[in-house]
There are 2 protein chains.
Amino acid sequence: MKQYDHPLAQDLQLSCLLYALSDPFRLEVVRKLAACQPQPCAPLQDGRPKSSVSHHFSVLRKAGLIRTDVVGVTHMNSLREQDLQSRFPGVLAAILAAAGTAGTQA
Amino acid sequence: MKQYDHPLAQDLQLSCLLYALSDPFRLEVVRKLAACQPQPCAPLQDGRPKSSVSHHFSVLRKAGLIRTDVVGVTHMNSLREQDLQSRFPGVLAAILAAAGTAGTQA
DNA sequence: CCGTTAGTTCGATTATATTCGAACTAACGG
DNA sequence: CCGTTAGTTCGAATATAATCGAACTAACGG
């Protein structure tokens, strides 16, 4: 049951975080995770091929936005809210709030 | 003295804003503008060729982050803080605060 | 009207991301 | 041990973005 590497909170870069969230699909994933955690990848696929979805999750992981824990056959994803809050206070919350009001897609 | 088109506050997209700020150079420009407004492009060039700088300013303009007013021979840039605050409350402030603490570059 | 200054636009090059199918892997269920 | 499920990795195709020089433009100063 091998696990993933996740960057340390102190190593997270703001530009990577913003970049990761600048993709509408990835932002949606983060939004859905914020609403319901933890979740496997499958229900977040939104009709895309698995390889694309896997790529986007990998971007989110590398940016430090999500943690993926392998639990049996599924990969459980959750937001690294604590780490993000300590490294970039208020940033994720403000972005999620804005994404929540400003039309689902943008 | 032709001026630029700037998108309306209501048309701004969160993903474009995050994308624009995900480039370290552009984030720096925004940070410097936040510290001192308005400013022409020249002092923000940071050694890059003018065409590159112009490109980055154009991205910031299209994302709605900055307004550029042509004043004589110089182009004066300022942050659209009001518009951004009304459309995406707290987002810019949180990002600027995080950029301020988290090492100048990221 | 000529030169200068400030910045844009164009076009080409290179770098980086996204996309997707196909083959793969790891864990579980029977 | 075989099939299934969940997701990754690979590789190639395509799309998007960054970079920079060169030519351009608009406004001012003299």
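Every chain is numbered from 1, with letters handed out A, B, ... down the list of sequences.
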Euclidean distance, atom CG of residue B:Asp69 to atom P of D:dA27 [Å, nearest integer]: 14 Å
A:Phe57 CZ - D:dA6 P separation (whole Å): 14 Å
According to a hydrophobic-cluster definition based on side-chain heavy atoms being under 4.5 Å apart (Ile, Leu, Val, Met, Phe, Trp, Tyr only), do A:Tyr19 and A:Leu60 belong together? no
Quick one: B:Asn77 CG to C:dT8 C1', roughly how many Å, whole number? 13 Å
Among pairs that include at least one residue of residues 39-57 of chain B, which meet side chain to side chain donor-acceptor pair (under 3.5 Å), considering only residues two or more places apart or in two chains? B:Arg26-B:His56
Every stem of 3 or more Watson-Crick or G-U pairs under 3.5 Å that DNA chain C joins, in order of first number, is C:1-30 with D:1-30
Please state how far atom CG in B:Leu27 lies from atom P in D:dA18, giving the value in whole angstrom units. 14 Å
How many whole angstroms separate atom CG of B:Asp46 from atom P of C:dG7? 15 Å
Nearest-angstrom distance from the residue atom CD of A:Gln3 to P of C:dA26: 13 Å
Is there a side-chain contact between B:Ile95 and B:Val30 (heavy atoms, below 4.5 Å)? no
Distance from A:Leu18 atom CG to B:Asp23 atom CG, nearest 0.5 Å? 11.0 Å
Donor-acceptor contact present, side-chain B:Gln37 to main-chain B:Leu79, <3.5 Å: yes
To the nearest angstrom, the CE-P distance between A:Met76 and D:dA6 comes to 12 Å
What's the NE2-P distance between A:His75 and D:dT5, to the nearest Å? 16 Å
Close approaches to DNA chain C from residues 60-68 of chain A, in residue order (heavy atom, under 4.0 Å): none
Under a side-chain separation threshold of 4.5 Å, the hydrophobic residues clustered together with A:Val59 are none
Pairs meeting criterion side chain to side chain donor-acceptor pair (under 3.5 Å) with involvement of residues 60-75 of chain A, two or more places apart: A:Tyr4-A:His75, A:Ser58-A:Lys62, A:Arg61-A:Thr68, A:Thr68-A:Asn77
Could you encode protein contacts along nucleotides 15-24 of chain C as a string, one character per nucleotide from 5' to 3', using B for base contact, S for sugar-phosphate-only contact and - for no contact, with a heavy-atom cut-off of under 4.0 Å? --SSBBBB--
